[in-house]
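Worksheet: one structure, shown below.
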Amino acid sequence: MSAPLPHTGPSRATPAGVEVTRWWWVRHAPVREDGGNIYGQADLNCDCSDTSVFNAVARILPTNATWYTSNLKRTHQTADAILAAGGRAPVGIQQDIALAEQDMGEWQGRNRADFVATLSPEVASYWYAPADVRAPGGESFVDLYERVSVAIARISAAHAGQDIVAVAHGGTIKAAIAVALGLEPKAGLTFVIDNCSVTRLDLLSSPGHAGWRIAMINQQPWIADPSHAAMHQPAGPEVTPPGKLA
């Protein structure tokens with residue numbers, strides 16, 4: 001059976017006069033060298049050895065997108081692994097520091113389990129601290145949310161109507177989801193974002209109006225057998241290209 005075709009355009013019917021800017025967020029591959037410690041913006045390597053994962057991610061990403069990573073090398077390594085698996089970045093990859101993970105300040109380097117054990121169950125269930133608590137010498141999640149929100153607006157304006165692949169971090173993507181859903185920053189912390197997962201957020205714009213459509217969150221395409229892709233049939237007046245997995 002032939003492999004699914006890569007996504008090359010919008011998968012849903014779009015009303016006349018509406019411009020769609022599609023964000024394809026990919027979390028970086030797992031970090032193995034953290035020693036069980038909080039790493040935040042520490043510039044660590046990631047493990048890109050599982051080629052099946054990157055083959056699957058490459059298969060569902062658009063072929064004509066503008067690519068971004070953060071300034072941290074784990075996102076560069078992940079992007080390179082996706083491209084090596086057949087992904088395409090026609091105009092190269094741009095780095096943007098505004099897409100970096102939350103700066104954990106003095107918490108970076110502390111043992112993660114020991115740190116979390118000092119927190120209340122409510123806090124431990126979501127993040128390292130309540131969204132508005134700033135790490136000493138670093139950022140709060142609210143700080144992260146605000147800089148990611150500004151970056152999304154800036155990059156969306158620069159690439160309006162296009163596909164944008166952003167290889168970034170768990171915190172960054174949680175913030176982006178909260179932005180798209182119009183939620184308070186702390187609500188973004190309730191989402192699980194796995195390594196190498198794909199989250200797609202579509203910005204729909206027309207004169208005098210803009211809003212978001214949530215196409216998928218934390219999709220892990222390597223779990224699905226491509227032979228079953230035809231079983232995906234969204235409700236409504238959809239355009240579903242061959243090989244659509246999500």
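We count residues from 1, following the sequence as given. These figures come from a predicted structure and were not determined experimentally.
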Contacts of type side chain to side chain contact (heavy atoms under 4.5 Å, CB included), residue [X], not counting sequence neighbours:
{"X": "P207", "result": "none"}
{"X": "N37", "result": "N111"}
{"X": "S52", "result": "D50"}

Taking it one step at a time, do V179 and Y145 satisfy side chain to side chain contact (heavy atoms under 4.5 Å, CB included)?
CA-CA 8 Å; V179 170; Y145 172 95; 3.6 Å; yes

Just jot down the ring-ring contact (aromatic ring centres under 6.0 Å, His included) partners of W67, sequence neighbours excluded, or say none.
none

Keeping the roles fixed (side chain from [X], backbone from [Y]), state whether a donor-acceptor pair exists under 3.5 Å.
{"X": "E33", "Y": "N45", "answer": "yes"}
{"X": "S205", "Y": "A210", "answer": "no"}
{"X": "T78", "Y": "A29", "answer": "yes"}
{"X": "E101", "Y": "G171", "answer": "yes"}
{"X": "Q77", "Y": "C46", "answer": "yes"}
{"X": "N218", "Y": "D194", "answer": "yes"}
{"X": "S197", "Y": "I193", "answer": "no"}

Going from [atom1] on [X] to [atom2] on [Y], what distance comes out if it is rounded to the nearest 0.5 angstrom?
{"X": "I82", "Y": "C48", "atom1": "CD1", "atom2": "SG", "result": "8.5 Å"}
{"X": "R74", "Y": "H28", "atom1": "CZ", "atom2": "NE2", "result": "4.5 Å"}
{"X": "L144", "Y": "K174", "atom1": "CG", "atom2": "NZ", "result": "11.0 Å"}

Any chance [atom1] of [X] has more than 12 other-residue heavy atoms, nucleotides or ligands included, within less than 6.0 Å?
{"X": "L183", "atom1": "CG", "value": "yes"}
{"X": "E184", "atom1": "CD", "value": "no"}
{"X": "K73", "atom1": "NZ", "value": "yes"}

The single option from W24, W25, W23 passing side chain to side chain contact (heavy atoms under 4.5 Å, CB included) against R200
W24

What pairs with D143 under salt bridge (Lys or Arg N to Asp or Glu O under 4.0 Å), at least two apart in sequence or on another chain?
R134

By salt bridge (Lys or Arg N to Asp or Glu O under 4.0 Å) - contacts of D47 (at least two apart)
R32

How far apart are the C-alpha atoms of D163 and R22, what are their side-chain angles, what is the distance that settles it, and do they pass the salt bridge (Lys or Arg N to Asp or Glu O under 4.0 Å) test?
CA-CA 5 Å; D163 287 289; R22 291 167 294 275; 2.6 Å; yes

Passing candidate, ring-ring contact (aromatic ring centres under 6.0 Å, His included) with W107, options Y39, F115, Y128, W127
F115

